[in-house]
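Atoms within a ligand are numbered from 1 in the order they appear, just like the ligands themselves. All values derive from a computational prediction rather than experimental measurement.
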Amino acid sequence: MNRYFKAKVIENLSLNSSHNLLTLEPLDPAAEPNPGQFYMIEAGDSYDPLLKRPFCWLQKTRETIQFLFRIKGKGTSLMRAFKKGKVISVIGPLGNGYPLPRKKRTPLIVAGGTGIISLFSLINKLSHNCHVFYGARNKDELLLLNELEKLGNKLIVCTNDCSFGKEGMVNEVLSQFLSANESIKTSCLIYTCGPKPMLQEITSIAFHEGIRGYVSMEENMACGFGACQGCVVNTISGYKKVCKEGPVFPIEDIVWT
Ligand SMILES: Cc1cc2nc3c(=O)[nH]c(=O)nc-3n(C[C@H](O)[C@H](O)[C@H](O)COP(=O)(O)OP(=O)(O)OC[C@H]3O[C@@H](n4cnc5c(N)ncnc54)[C@H](O)[C@@H]3O)c2cc1C
Ligand code: FES
């Protein structure tokens, strides 16, 4: 199925000063996405910015696809101003997405900051079958809390400043959990997305505990489908394109520099 399509803005809701929930209605037939896949979204009408921006899908119905985006720079500031009825160009779904765990594995979902957006569709798909560890800098930065609570998973939330949930970083909370639940180590699988220093800590925990898993990487992208080499990461088998061979990689494959 063609991955280029036009979509109409149904709603562009401001959640707080730095995050919007964007609901699009594809106007052409669009392929079904897998958890962890992403879309390239046209941010502006002119040549500046020329490049579409990558975003993971959050939720999908028969008629709509929903995205949650953080307002960061020029592209996302223009997206914040999208009005209902505007028609934009979109490419997707792109990338590989998260492989689903085998039946007897317990997924440990570890999200930092906006990493929860990539992991949300996976949590939704796994239903109440996983443990979710979600950390943010403070209470105001926490996203999708009500939705996560409704999904009925074992949810542990932490904030760096202790303004909500446990105090500390999500990697510390994961370490404490693993120390208190030795038996889970042989049967669990980690799925993680978030800021690079956090991902590096989670990789180190996985390595020391002998746990396998998957990490979703975020790099700046230009084309989004493997044509420009603009998004490579270093892996144990050489440089790989995040947009085409990722964004999800086995956690033990990434070479952190
Ligand atoms: C796979 C993936 C999924 C993502 N999913 C989400 C998500 O669900 N929600 C979310 O909030 N964020 C997500 N992100 C991050 C999001 O894509 C960025 O925050 C967004 O692209 C920022 O765009 P901006 O224009 O606002 O920021 P800017 O900082 O202005 O631009 C982003 C980057 O694009 C490059 N760039 C900008 N202009 C040019 C130019 N003219 N020429 C060449 N390069 C240029 C720059 O290197 C810049 O660092 C994801 C990223 C990836 C890789
Ligand atoms: S963004 Fe062009 S190769 Fe990945």
Side-chain angles (χ1 to χ4, degrees), residues 3-4 12-24 33-60 65-82 88-98 109 111-124 134 136-137 140-144 147-148 191-196 198-199 214-235 238-249 254:
R3 286 176 195 265
Y4 290 77
N12 190 15
L13 193 68
S14 168
L15 298 180
N16 55 37
S17 58
S18 52
H19 295 91
N20 270 38
L21 189 63
L22 176 67
T23 308
L24 300 179
N34 292 319
Q37 284 192 298
F38 68 96
Y39 291 77
M40 297 295 286
I41 296 184
E42 176 185 58
D45 297 324
S46 71
Y47 289 112
D48 183 21
L50 177 66
L51 303 170
K52 293 183 172 62
R53 300 293 192 248
F55 298 93
C56 289
W57 65 285
L58 186 73
Q59 300 198 84
K60 169 112 176 42
I65 313 176
Q66 212 168 43
F67 300 88
L68 200 168
F69 66 92
R70 182 189 186 88
I71 293 115
K72 186 182 166 228
K74 187 151 194 176
T76 44
S77 299
L78 288 165
M79 285 170 64
R80 173 163 50 184
F82 280 179
I88 55 170
S89 297
V90 180
I91 314 173
L94 297 166
N96 55 3
Y98 297 103
I109 313 275
T114 50
I116 193 67
I117 305 168
S118 158
L119 290 160
F120 187 78
S121 54
L122 176 70
I123 300 168
N124 222 338
Y134 175 27
R137 269 178 292 197
D140 296 339
E141 299 270 317
L142 287 166
L143 304 165
L144 303 164
E147 291 77 1
L148 288 167
Y191 291 89
T192 187
C193 185
K196 273 195 185 141
M198 178 210 116
L199 297 181
Y214 296 97
V215 54
S216 184
M217 302 293 289
E218 289 193 358
E219 288 294 326
N220 289 330
M221 289 183 179
C223 70
F225 45 79
C228 74
Q229 310 278 342
C231 63
V232 292
V233 285
N234 199 2
T235 74
Y239 284 97
K240 292 202 171 164
K241 296 170 198 162
V242 171
C243 66
K244 185 93 177 164
E245 290 142 298
V248 179
F249 296 90
I254 301 294

Which residue holds the protein heavy atom closest to [atom], what is that atom called, and what is the gap in Å?
atom	value
atom 8 (O) of ligand 1	Cys56 N, 3.1 Å
atom 28 (P) of ligand 1	Gly73 CA, 4.0 Å
atom 30 (O) of ligand 1	Lys74 N, 3.3 Å
atom 16 (C) of ligand 1	Pro54 O, 3.5 Å
atom 19 (O) of ligand 1	Lys72 CD, 3.5 Å
atom 46 (C) of ligand 1	Asn220 ND2, 4.0 Å
atom 3 (S) of ligand 2	Gln229 N, 3.2 Å
atom 11 (O) of ligand 1	Arg70 N, 2.7 Å
atom 36 (N) of ligand 1	Arg53 NH2, 4.1 Å
atom 1 (S) of ligand 2	Gly224 N, 3.2 Å

Got a donor-acceptor contact below 3.5 angstrom from the [X] side chain to the [Y] backbone?
X	Y	result
Tyr134	Leu143	yes
Asn96	Val248	yes
Asn16	His19	yes
Asn12	Phe82	yes
Thr235	Gly238	yes

Per-atom contacts of ligand 1 with [X], taking only distances under 4.0 Å to non-hydrogen atoms:
X	result
Ile117	8 (O), 9 (N)
Thr76	24 (P), 25 (O), 26 (O)
Phe38	1 (C)
Glu219	53 (C)
Leu51	42 (N), 43 (C), 44 (N)

Region of Lys244 that comes within reach of ligand 2 [heavy atoms, distance under 4.0 Å]
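Neither part.
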For ligand 2, is any non-hydrogen atom under 4.0 Å from Cys223's backbone (N, CA, C, O), its side chain (CB onward), both, or neither?
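Looking at Cys223 and ligand 2, atoms from backbone and side chain both fall under 4.0 Å.
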State whether Cys243 contributes an N/O/S atom found under 2.8 Å from atom 4 (Fe) of ligand 2.
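A backbone or side-chain N, O or S atom of Cys243 is under 2.8 Å from atom 4 (Fe) of ligand 2.
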Going by the atom numbers of ligand 2, which of them fall below 4.0 Å from some non-hydrogen atom of [X]?
X	result
Ala222	1 (S)
Ala227	3 (S)
Gly226	3 (S)

Looking only at non-hydrogen atoms, which of Gly230, Gly95, Cys231 approaches atom 4 (Fe) of ligand 2 most closely?
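Comparing heavy atoms across Gly230, Gly95, Cys231, the nearest one to atom 4 (Fe) of ligand 2 lies in Cys231.
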Which option, Leu68, Thr114, Ile116, owns the non-hydrogen atom nearest atom 9 (N) of ligand 1?
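Among Leu68, Thr114, Ile116, the closest heavy atom to atom 9 (N) of ligand 1 belongs to Leu68.
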Given side chains that start at C-beta, do those of [X] and [Y] come closer than 4.5 Å, heavy atoms only?
X	Y	result
Tyr39	Trp57	yes
Leu22	Gln66	no
Val215	Ile254	yes
Ile41	Lys52	no
Arg3	Met40	no
Phe120	Leu144	yes
Glu42	Met79	no

Is any NZ, NE, NH1 or NH2 atom of the basic residue among Glu245 and Lys241 found under 4.0 Å from an Asp or Glu carboxylate oxygen of the other?
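Lys241 and Glu245: not salt-bridged.
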Measure Met221 to ligand 1 on non-hydrogen atoms and call it side chain, backbone, both or neither using the 4.0 Å cut-off.
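Within the 4.0 Å criterion, Met221 contacts ligand 1 through side-chain atoms alone.
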If only side-chain N and O atoms count, and only distance matters, is there a donor-acceptor pair under 3.5 Å linking Tyr98 with Ser118?
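The criterion, which ignores hydrogens and geometry beyond distance, is satisfied for Tyr98 and Ser118.
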Between Phe55 and Phe38, is the gap from one ring center to the other below 6.0 Å?
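No, they do not, as the ring centres are separated by 6.0 Å or more.
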Purely on distance, is any nitrogen or oxygen of Gly75 under 3.5 Å from one on ligand 1?
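Between Gly75 and ligand 1 (N or O atoms, distance only) the closest approach is under 3.5 Å.
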So, for atom 44 (N) of ligand 1, does the protein have a heavy atom nearer than 4.0 Å?
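Given the 4.0 Å limit, the answer for atom 44 (N) of ligand 1 is yes, a protein heavy atom qualifies.
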